[in-house]
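Keep in mind that the numbers below use all heavy atoms, side chains included, and drop hydrogens, waters and symmetry copies. The first residue in the sequence is number 1, and the count goes up from there.
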Amino acid sequence: DLLRDIERIALGIAITRSDGTIRYANRRLCEMLGIGTREPVDLPLARFITVMKIGADEEVRAQRRGGEMRDFLYAVYPLCDDDGAITHHAHLLQHAREVTPA
């Protein structure tokens, strides 16, 4: 089952409608944000994350429940219908790792 396979991916995944509201969020994303698996559906993704452009990379900052701030690497991809019109966006989040100088 495709949905079961998506739930196994180690990235946080959200599918948003054209208005930015969340249609689907996988368990990993909910764990990363410290929220319940049903909580984000129909709410704006911007309620949970703030997108910042840092150099050539995209990062997002999210405030977890309880106030803790976390940084994530972020990518977003348009999803199109059969006519090529964008109907949704897929958002992928991964924990940002600190890089220590050699």
Worksheet item: Are Val41 and Leu45 linked, directly or through other ILVMFWY residues, by side chains that come within less than 4.5 angstrom of each other?
Response: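 The answer is no; the residues belong to distinct hydrophobic clusters.
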Discussion item. Is any side-chain heavy atom of Glu59 closer than 4.5 Å to one of Leu73?
Written reply: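 They are in contact (side-chain heavy atoms under 4.5 Å apart), so the answer is yes.
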Practice prompt. Report yes if the side chains of Ile35 and Phe48 come closer than 4.5 Å at any heavy-atom pair, otherwise no.
Written response: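 Result yes, sub-4.5 Å side-chain heavy-atom pair found.
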Discussion item. Looking at every non-hydrogen atom in both residues, tell me the closest pair between Cys30 and Gly36 and how far apart they are.
Written reply: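 Result for this residue pair: SG-O, 3.6 Å.
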Worksheet item: Which pair of heavy atoms, one from Ala62 and one from Leu33, lies closest together, and at what distance?
Response: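 Minimum heavy-atom separation between Ala62 and Leu33: CB-CD2, 3.4 Å.
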Practice prompt. With sequence neighbours left out, write down each residue that passes salt bridge (Lys or Arg N to Asp or Glu O under 4.0 Å) with Arg47, or none if nothing qualifies.
Written response: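 None.
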Worksheet item: Other hydrophobic cluster members with Leu92, side-chain heavy atoms of Ile/Leu/Val/Met/Phe/Trp/Tyr under 4.5 Å, chained?
Response: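 Answer for Leu92: Leu2, Leu3, Ile6, Ile9, Leu11, Ile13, Ile15, Tyr24, Tyr77, Leu79.
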Distance from [X] atom [atom1] to [Y] atom [atom2], nearest 0.5 Å?
X	Y	atom1	atom2	answer
Leu93	Arg70	CG	CZ	12.5 Å
Met32	Gln94	CE	CD	7.5 Å
His89	Ser18	NE2	OG	8.5 Å

Worksheet item: For Ile22, does its backbone N or O pair with a side-chain atom of Arg17 as donor and acceptor, under 3.5 Å?
Response: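 Answer holds: yes.
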Discussion item. Please check: side-chain N/O of Asp19 versus main-chain N/O of Thr21, any donor-acceptor pairing under 3.5 Å?
Written reply: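 Checked: pair present.
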Fill in: Passing option when Thr16 is tested against His91, Arg23, His88 for side chain to side chain contact (heavy atoms under 4.5 Å, CB included)
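That would be His91.
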Fill in: Side-chain ion pair, Arg4 and Glu7, N-O less than 4.0 Å
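Looking at Arg4 and Glu7, the cut-off is not met.
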Item to complete: Determine whether more than 12 heavy atoms belonging to other residues, nucleotides or ligands lie under 6.0 Å from atom CG of Asp82.
Response: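 At most 12 heavy atoms, drawn from other residues, nucleotides or ligands, come within 6.0 Å of this atom.
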